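Please read these numbers as outputs of a predicted model, since none were measured by experiment.
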Amino acid sequence: MVPLGSALERITATQRLVARGQSSRVVDIEGGFVALNDAVPASYDHNSAWLVEPTPDPGALVARLDEVMGGAGLRHRRMTVQSPQVGAVWVAGLGAGWERGDEVLMALAGEPDRPARGQAVELSWPDVRESYVASWRRSLPAAGPEVWRQLADRRDETARACLLRHFAVVVDGKVVARAELRLSGRTGQVEDVETVEAYRGRGYAREIVLAAAAAASDSGADLCWLVADARDWPRLLYVRLGFVEVGGATELTRAP
């Protein structure tokens with residue numbers, strides 16, 4: 001297992017590597033880059049700016065994003081600042097309409113508080129795809145079938161940047177919980193952890209995260225990590241599963 005002191009640098013480098021790898025083109029900007037993918041314009045994750053640190057002039061940054069992302073026909077703006085040191089004054093300098101989300105980056109550093117029950121199984125993408133479509137249909141009901149398709153099938157773009165594996169709990173033939181494992185070199189990221197609402201509270205999230213983490217280790221990864229919302233309860237679950245916080249980031253979004 002990689003020393004935690006070097007985990008943050010590897011995690012943030014992997015994030016940038018995957019963002020570039022899943023794009024169709026990259027535009028360099030001050031302090032970072034904008035990754036664009038014309039095949040899935042509805043995906044904020046595939047059409048986003050990445051900054052290592054906040055730039056000195058947030059207003060100039062927004063003007064540059066408007067130039068690059070607006071020039072690509074995108075109506076949204078999204079950026080991830082790979083530093084927790086993003087003050088409210090700097091965010092206010094971006095102008096109106098920006099929503100802030102603080103994230104914690106967590107690395108697996110120990111054993112879970114109790115072992116998995118073995119309920120999770122590995123499935124192929126075709127076996128789990130409908131669960132992704134259904135999830136976007138529930139969360140974005142007005143978006144329409146084309147957006148739901150893009151947000152599900154954007155994983156094909158991500159698969160160009162890293163190896164993807166899928167773990168799920170299946171009840172009565174239905175995928176009720178699932179998570180994605182992204183393998184890049186000796187680094188494994190657990191992503192897209194979700195349980196259908198009617199099946200929550202049964203420990204299924206624990207099962208799929210532990211299964212993905214075990215698969216990462218078995219594949220030779222010496223670092224397994226994930227991103228959690230700094231203000232949401234799954235962060236506490238991940239602590240019980242052996243993950244510890246190694247850093248933070250700020251995600252900023254301006255919706256159309």
- request: Please name the residue in the list Ser43, Pro256, Pro41 that meets the side-chain contact (heavy atoms from CB on, under 4.5 Å) test with His76.
  value: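 Among Ser43, Pro256, Pro41, the one meeting side-chain contact (heavy atoms from CB on, under 4.5 Å) with His76 is Pro256.
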query: Can you list every pair that meets ring pair (Phe, Tyr, Trp, His ring centres under 6.0 Å) and has a residue in residues 111-143, with sequence neighbours left out?
result: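 Of all non-adjacent pairs touching residues 111-143, those that pass ring pair (Phe, Tyr, Trp, His ring centres under 6.0 Å) are Trp125-Tyr132, Trp125-His166.
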Let me confirm one number: the [atom1]-[atom2] distance from [X] to [Y], rounded to the nearest 0.5 Å.
X	Y	atom1	atom2	answer
Met69	Arg78	CE	CZ	8.5 Å
Leu61	Thr55	CG	OG1	4.0 Å
Leu223	Gln189	CG	CD	10.0 Å
Leu8	Glu245	CG	CD	10.0 Å
Arg25	Phe33	CZ	CZ	14.5 Å
Glu207	Arg117	CD	CZ	5.0 Å

task: Might you work through the side chain to side chain contact (heavy atoms under 4.5 Å, CB included) test for Leu241 and Leu210, ending with a clear yes or no?
output: CA-CA 7 Å; Leu241 299 186; Leu210 290 178; 4.2 Å; yes
Has [X] got a side-chain atom pairing as donor or acceptor with [Y]'s backbone, closer than 3.5 angstrom?
X	Y	result
Arg129	Asp153	no
Trp148	Arg138	no
Ser24	Asp38	yes
Asn47	Asn37	yes
Arg154	Leu151	yes
Arg64	Glu30	no
Ser48	Asp45	no

Minimum heavy-atom distance [X]-[Y], with the two atoms named:
X	Y	result
Arg254	Ala96	CD-O, 3.9 Å
Val175	Ala168	CG1-CB, 3.9 Å
Ala213	Val190	N-CG2, 4.5 Å
Ser184	Thr14	CB-CG2, 4.3 Å
Cys224	Ala216	SG-CB, 4.4 Å
Leu181	Ala215	CD2-CB, 3.9 Å

Is there a path of hydrophobic side-chain contacts, each under 4.5 Å between heavy atoms of I, L, V, M, F, W or Y residues, that connects [X] with [Y]?
X	Y	result
Val128	Val170	yes
Val27	Leu252	yes
Trp233	Val193	yes
Val81	Leu94	yes
Val104	Val209	yes

Can you see whether [X] engages [Y] through a side-chain donor-acceptor pair at a distance of less than 3.5 angstrom?
X	Y	result
Thr158	Gln22	yes
Thr250	Asp102	yes
Glu194	Ser135	yes

Are [X] and [Y] ion-paired here, with the side-chain N under 4.0 Å from a carboxylate O?
X	Y	value
Arg178	Asp192	no
Arg20	Asp28	yes
Arg137	Glu130	yes
Arg206	Asp113	yes

task: Specify whether Tyr238 and Phe243 have parallel, tilted or perpendicular ring planes, treating 30° as the upper limit for parallel and 60° as the lower limit for perpendicular.
output: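 Geometry flag for Phe243 against Tyr238: perpendicular rings.
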- request: List the steps, then state whether side chain to side chain contact (heavy atoms under 4.5 Å, CB included) holds for Gln82 with Gln15.
  value: CA-CA 9 Å; Gln82 292 186 308; Gln15 286 181 306; 3.0 Å; yes
message: Using side chain to side chain contact (heavy atoms under 4.5 Å, CB included), reason through Leu36 and Leu74 one step at a time and then give a plain yes or no.
response: CA-CA 10 Å; Leu36 302 168; Leu74 300 169; 3.8 Å; yes
- prompt: Yes or no on side chain to side chain contact (heavy atoms under 4.5 Å, CB included) for Cys162 and Leu183, after CA distance, side-chain angles and deciding distance?
  reply: CA-CA 6 Å; Cys162 54; Leu183 291 167; 5.9 Å; no
query: Do other residues, nucleotides or ligands put more than 12 heavy atoms under 6.0 Å from Glu146 CD?
result: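 Result for CD/Glu146: enclosed.
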Atom CD of Glu122 with >12 non-hydrogen neighbours under 6.0 angstrom: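 Result for CD/Glu122: enclosed.
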